[in-house]
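Below, each value reflects all heavy atoms present in this structure, side chains not excepted, and no hydrogens, waters or symmetry copies. Lettering of chains follows the sequences in order, A, B, ..., and the numbering in each one begins at 1. Remember, it's a predicted structure, so these values are computed and weren't measured experimentally.
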2 protein chains.
Amino acid sequence: MAVTTRRADAQRNIAAILTAAAECLGRDPAVSTSEIAKAAGVGRVTLYGHFPSRAELVDAVFVQAIATGEETLGQVDLTGDPRDALTRLIESSWHLVDQYRALLLAAQDALPPGRVRELHADPMARVERLLERGRTENVFRTDLPTSWLVSVMHNVMHGAASEIQAGRITSEQAAPYITATLLAAFTPPKPE
Amino acid sequence: MAVTTRRADAQRNIAAILTAAAECLGRDPAVSTSEIAKAAGVGRVTLYGHFPSRAELVDAVFVQAIATGEETLGQVDLTGDPRDALTRLIESSWHLVDQYRALLLAAQDALPPGRVRELHADPMARVERLLERGRTENVFRTDLPTSWLVSVMHNVMHGAASEIQAGRITSEQAAPYITATLLAAFTPPKPE
DNA sequence: GGTAACTCGTACACTGGTGTTCGACAAGAG
DNA sequence: CTCTTGTCGAACACCAGTGTACGAGTTACC
């Protein structure tokens with residue numbers, strides 16, 4: 001991308017479109033390009049001048065969201081007791097999930113299948129590493145595949161987001177609920 | 001509804017449309033009325049003669065699905081050790097969730113908000129009753145609201161359905177995975 | 001201050017769905 | 001056997017979105 005040869009106002013517009021799109025898609029996963037353009041203070045034609053299609057715009061927004069999310073998650077201390085590390089990771093991840101919930105929906109039906117997962121590779125690998133470590137230290141269960149545990153974590157967090165949206169729990173309750181649930185779910189079953 | 005005065009072939013067509021719709025919506029939540037009509041071996045106009053709109057058709061299909069599901073779940077023995085009862089309930093519920101997964105998606109964006117939950121009231125109440133009993137018997141945890149536990153169960157099951165659809169686990173693995181996960185998640189935390 | 005890059009609004013073509021209307025025709029009920 | 005009820009296909013109006021074309025105007029860059 002020879003962005004260097006882009007004129008200053010063009011770059012400003014691209015940025016404005018990107019942030020407006022993030023905001024709009026966060027409200028309604030099905031917003032039209034017209035509304036995004038309007039929110040960005042830009043003509044619809046200009047939008048299409050920078051992004052060849054709605055899908056590519058959504059993709060760009062999603063890539064950006066993942067990148068900033070990764071930046072946050074990269075700062076979480078994952079050393080020490082895996083249970084404590086998981087608690088910290090949940091705390092951070094949770095805010096991101098809650099924030100980008102609608103955007104994810106938008107991506108899921110605007111992007112080709114598999115693309116969403118592809119872009120999630122990095123954050124997923126981070127969770128997997130932590131779980132693997134906990135498993136070798138006999139703190140997390142090993143009778144279920146790691147990938148399943150990751151999926152459980154993912155679904156519980158998104159479920160919490162739904163509960164919030166429906167007004168059945170508050171934003172503050174979510175993190176402790178999720179943590180309590182997942183720590184229990186990941187604990188090795190009693191040999192009994 | 002004076003269905004009594006309906007002609008025999010009309011009743012046949014209604015049934016055909018309903019089953020065809022269930023089948024089509026199970027494949028693709030966004031099927032058009034044309035395709036449903038075609039699958040039912042019926043003209044599109046005939047379909048609209050019986051169901052005033054796509055939404056009402058989806059609603060009818062969903063109501064039917066819930067009803068047959070309830071019939072199955074009603075036969076599950078929920079007495080005895082709550083953990084065993086939950087295992088049995090999961091086994092039955094799981095098949096239903098897996099089967100009606102796509103239909104649920106269709107309902108969620110064709111029906112007014114809240115309608116889906118409204119129709120889920122009965123199955124949800126059944127789960128709640130069992131969980132409540134397990135709580136009074138100190139077999140299930142009481143440090144989280146019952147509604148949250150129900151939501152976790154719901155989300156883990158739907159997550160398993162996604163995993164299957166993505167080919168990451170098989171249909172046979174699902175039930176044991178779900179059971180192992182939820183029993184652990186619902187276990188009271190050690191006082192420690 | 002000239003030039004290339006960029007933007008704007010309007011208008012258009014296209015797509016793919018929903019719901020309705022029409023008139024001819026078939027099939028069940030009594 | 002008749003009459004009501006239901007069915008059919010084709011056509012239509014409508015809507016909302018996507019992506020493109022055009023030509024005039026504006027803005028950054030050197």
Side-chain angles (χ1 to χ4, degrees), chain A residues 1-21 24-25 27-62 102-103 105-112 115, chain B residues 1-21 24-25 27-62 102-103 105-112 115:
Chain A
M1 303 210 184
V3 187
T4 42
T5 47
R6 277 280 220 297
R7 230 172 58 180
D9 58 344
Q11 293 185 32
R12 245 183 293 125
N13 280 333
I14 291 177
I17 292 170
L18 235 35
T19 63
C24 291
L25 290 169
R27 258 187 294 104
D28 171 16
V31 250
S32 63
T33 51
S34 324
E35 282 187 78
I36 295 173
K38 201 180 299 172
V42 142
R44 201 165 61 93
V45 182
T46 302
L47 189 154
Y48 276 102
H50 294 302
F51 301 93
S53 74
R54 187 179 187 281
E56 297 220 25
L57 172 57
V58 173
D59 193 289
V61 172
F62 197 74
L103 177 56
L105 291 183
Q108 260 158 355
D109 64 28
L111 268 37
R115 175 67 174 152
Chain B
M1 302 212 186
V3 187
T4 41
T5 47
R6 275 281 217 301
R7 227 173 58 182
D9 57 344
Q11 293 185 31
R12 247 183 290 125
N13 280 334
I14 291 177
I17 292 170
L18 235 35
T19 62
C24 290
L25 290 169
R27 259 188 292 105
D28 171 14
V31 251
S32 63
T33 51
S34 325
E35 282 187 78
I36 295 173
K38 201 180 302 172
V42 143
R44 202 165 60 94
V45 183
T46 302
L47 189 154
Y48 277 102
H50 295 300
F51 301 93
S53 72
R54 188 180 187 281
E56 297 221 25
L57 171 57
V58 173
D59 194 290
V61 173
F62 197 74
L103 177 57
L105 291 183
Q108 261 158 353
D109 61 32
L111 269 36
R115 176 65 174 152

Axis-to-axis angle between the two ends of the helix from C:dG1-D:dC30 to C:dG30-D:dC1 (five base pairs per end, rounded to 10 degrees):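 Inter-axis angle at the ends, rounded: 30°.
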Per [X] side chain, nearest of listed nucleotides [options]:
| X | options | value |
| --- | --- | --- |
| B:Tyr48 | D:dT18, D:dT20, C:dT18 | C:dT18 |
| A:Arg7 | D:dT20, D:dT27, C:dG17 | D:dT27 |
| B:Arg44 | C:dG28, C:dT18, D:dT27 | C:dT18 |
| B:Val42 | D:dT20, D:dC8, C:dT20 | D:dC8 |
| A:Asp9 | C:dT21, D:dT27, D:dT18 | D:dT27 |

Distance (rounded to the nearest 0.5 Å) between A:Arg7 CZ and A:Asn13 CG: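 The CZ atom of A:Arg7 sits 9.5 Å away from the CG atom of A:Asn13.
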Pairwise distance CD1(B:Ile14) to OG1(B:Thr19) - rounded to 0.5 angstrom: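 Rounded to the nearest 0.5 Å, the CD1-OG1 separation comes to 12.0 Å.
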Comparing B:Arg12 and A:Gly43 on DNA chain C - which has the more 5′ nearest nucleotide: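 Per heavy-atom nearest nucleotide, the more 5' residue is A:Gly43.
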5' priority, DNA chain C, between B:Arg54 and A:Gly49 [closest heavy atom]: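 It is A:Gly49, whose closest nucleotide lies nearer the 5' terminus.
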Worked check of side-chain contact (heavy atoms from CB on, under 4.5 Å) between B:Leu57 and B:Leu18: CA-CA 8 Å; B:Leu57 171 57; B:Leu18 235 35; 4.0 Å; yes
If you take all heavy atoms of [X] and [Y], which pair is closest and at what distance?
| X | Y | result |
| --- | --- | --- |
| A:Ser53 | A:Tyr48 | CA-CE2, 4.2 Å |
| A:Cys24 | A:Glu35 | SG-O, 4.4 Å |
| A:Ala20 | A:Ile36 | CB-O, 4.0 Å |
| A:Ala40 | A:Ile17 | CB-CA, 3.8 Å |

Send over the distance from [X] [atom1] to [N] [atom2], rounded to a whole Å.
| X | N | atom1 | atom2 | answer |
| --- | --- | --- | --- | --- |
| A:Asp109 | D:dT18 | CG | P | 12 Å |
| A:Ile14 | D:dA28 | CD1 | P | 15 Å |
| B:Gln11 | D:dT7 | CD | C1' | 15 Å |
| B:Leu47 | C:dT20 | CG | P | 12 Å |
| B:Lys38 | D:dA10 | NZ | P | 12 Å |
| B:Ile17 | D:dG6 | CD1 | P | 13 Å |
| A:Glu35 | D:dA16 | CD | P | 12 Å |

Are any of [X]'s side-chain N or O atoms less than 4.0 Å away from OP1 or OP2 of [N]?
| X | N | answer |
| --- | --- | --- |
| A:Asn13 | C:dC6 | no |
| B:Ser32 | C:dG17 | no |
| A:His50 | C:dC6 | no |

